[in-house]
Amino acid sequence: LNNKQPMDFLNLATAYIELPKKQAFRSERFPQSEQYAGLLYNTAKGFLELKKYPQAIKYFKEFMATNPTDELKRNTYVYLNMAYNELKDYVQQEHILQEGAEKFPLAIEFLQHLYNLYIETDNKKKLAEVVERILKLDPNNTQILTLKAKLLMSQEKVEEAFSIYERLYK
């Protein structure tokens, strides 16, 4: 393999995906391969790896419209989270994480990504809410319990914070 091959693949894949969308070809009927969804997914991943985040986002969104398996859908939410985070598009990042958490309510990873987002954006109100959501799924998560105690201390709820610290350090 040489360094040019990933870009060659992405150029060919993009041409295959985009050609039927061009005005001149809209009236034509292009048969879509059974592997079209996989092509979208791999194209999006390729752009993500090359740090071409807008293109990655575009093709991940198109991939989501193909009704992928739950596993691939879950992975796509994580990849979209990464792309939006790199672009510092926190509004879209929050939206995609909330959507992922809604579709996969037992998957703590989306809540943990929201936790990191709210720390990064210093949104203490939403941070406190996501801490409670995480603790409902994982009540013994020491990292989250420690953060909850710190949040309580910042709100001058000292007794509640100390009860958490006592629980953690017994």
Side-chain angles (χ1 to χ4, degrees), residues 13 17 32-155 157-170:
I17 294 165
Q32 212 170 65
S33 166
E34 292 176 17
Q35 288 80 30
Y36 185 72
L39 179 69
L40 284 169
Y41 185 76
N42 288 316
T43 301
K45 279 181 59 177
F47 279 122
L48 185 69
E49 289 169 11
L50 292 175
K51 300 180 182 343
K52 295 180 180 276
Y53 303 114
Q55 294 96 321
I57 290 167
K58 175 183 178 180
Y59 292 118
F60 277 129
K61 285 183 171 184
E62 282 190 45
F63 171 71
M64 290 295 265
T66 67
N67 197 23
T69 64
D70 280 350
E71 181 183 350
L72 288 176
K73 192 179 291 184
R74 189 171 166 171
N75 291 345
T76 301
Y77 281 119
V78 172
Y79 291 138
L80 284 167
N81 166 59
M82 292 165 53
Y84 285 126
N85 184 267
E86 289 296 327
L87 293 172
K88 306 279 188 244
D89 187 342
Y90 299 127
V91 171
Q92 288 301 316
Q93 183 183 8
E94 179 181 27
H95 173 76
I96 208 70
L97 289 171
Q98 291 286 8
E99 190 177 309
E102 183 179 305
K103 295 217 188 288
F104 300 97
L106 299 178
I108 201 166
E109 67 190 303
F110 297 111
L111 297 176
Q112 289 171 327
H113 287 301
L114 281 167
Y115 161 91
N116 292 330
L117 172 64
Y118 297 144
I119 287 176
E120 190 169 337
T121 58
D122 196 34
N123 189 330
K124 289 184 176 136
K125 182 178 186 251
K126 287 187 176 182
L127 180 60
E129 291 169 7
V130 82
V131 161
E132 292 304 320
R133 288 173 66 188
I134 292 171
L135 289 173
K136 282 182 184 173
L137 293 174
D138 185 5
N140 296 317
N141 185 317
T142 56
Q143 178 187 7
I144 299 300
L145 284 168
T146 303
L147 178 67
K148 181 177 180 177
K150 287 179 183 177
L151 286 170
L152 289 168
M153 289 293 284
S154 73
Q155 297 167 352
K157 297 179 180 177
V158 177
E159 286 185 37
E160 284 181 68
F162 279 140
S163 72
I164 292 173
Y165 283 128
E166 285 176 349
R167 177 177 157 200
L168 287 169
Y169 298 108
K170 279 189 179 180

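For reference, positions follow the sequence shown, starting with 1.
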Side chain to side chain contact (heavy atoms under 4.5 Å, CB included) between Ile57 and Asp89, worked out:
CA-CA 12 Å; Ile57 290 167; Asp89 187 342; over 6 Å; no
Does Phe110 reach the side chain of Glu102, with side-chain heavy atoms less than 4.5 Å apart?
no
Please table the atom pairs, donor to acceptor, closer than 3.5 Å between any side-chain atom in residues 37-51 and protein atoms at least two apart or in another chain.
residue	atom	partner	partner atom	Å
Asn42	ND2	Gly38	O	3.1
Thr43	OG1	Leu39	O	2.6

Separation of Leu137 CG from Ile108 CD1 (nearest 0.5 Å)
5.5 Å
Report yes if the side chains of Val130 and Leu117 come closer than 4.5 Å at any heavy-atom pair, otherwise no.
no
Lys170: partners by salt bridge (charged side-chain N to carboxylate O under 4.0 Å, His left out), with sequence neighbours left out
none
Trace of the side chain to side chain contact (heavy atoms under 4.5 Å, CB included) decision for Ile164 with Leu152
CA-CA 10 Å; Ile164 292 173; Leu152 289 168; 3.6 Å; yes
By ring pair (Phe, Tyr, Trp, His ring centres under 6.0 Å), Tyr115 pairs with (sequence neighbours left out) none
Should His95 and Tyr84 be marked as a side chain to side chain contact (heavy atoms under 4.5 Å, CB included) after you check the CA-CA gap, both sets of side-chain angles, and the distance that decides it?
CA-CA 10 Å; His95 173 76; Tyr84 285 126; over 6 Å; no
So the side-chain hydrogen bond (donor to acceptor under 3.5 Å, both in side chains) pairs with at least one residue in residues 122-134 (sequence neighbours excluded) are Glu94-Lys126, Gln98-Arg133, Glu132-Lys148
Looking at side-chain heavy atoms only, is the closest gap between Glu160 and Leu151 below 4.5 Å?
no
Can you see which heavy atom on Ala161 is nearest to which on Ala149, and at what distance?
CB-O, 3.5 Å
To the closest 0.5 Å, what do you measure between CD1 (Ile134) and CG (Leu111)?
5.5 Å
Please assess His113 against Tyr77 for the test side chain to side chain contact (heavy atoms under 4.5 Å, CB included), listing each intermediate value before the final yes or no.
CA-CA 11 Å; His113 287 301; Tyr77 281 119; over 6 Å; no
Pairwise distance CD(Gln92) to CD(Glu99) - rounded to 0.5 angstrom
10.0 Å
Correct closest heavy-atom pair for Pro139 and Leu145 would be O-CD1, 3.6 Å
Measure the shortest side-chain to side-chain distance between Gln112 and Asn141 over non-hydrogen atoms and say whether it is less than 4.5 angstrom.
yes
For Glu86, salt bridge (charged side-chain N to carboxylate O under 4.0 Å, His left out) partners two or more places apart
none
Name every donor-acceptor pair, under 3.5 Å, that has one atom in a side chain of residues 66-74 and the other anywhere in the protein, sequence neighbours excluded.
residue	atom	partner	partner atom	Å
Thr66	OG1	Phe63	O	2.6
Thr69	OG1	Leu72	N	3.3
Arg74	NE	Glu109	OE2	2.5
Arg74	NH2	Glu109	OE2	2.7

Minimum heavy-atom separation for Leu80 and Phe60, please, with both atom names.
CD2-CB, 3.7 Å
Interatomic distance, Leu114 atom CG to Gln93 atom CD [nearest 0.5 angstrom]:
8.0 Å
Can you tell if the side chain of Asn85 reaches within under 4.5 Å of the side chain of Met82, non-hydrogen atoms only?
no
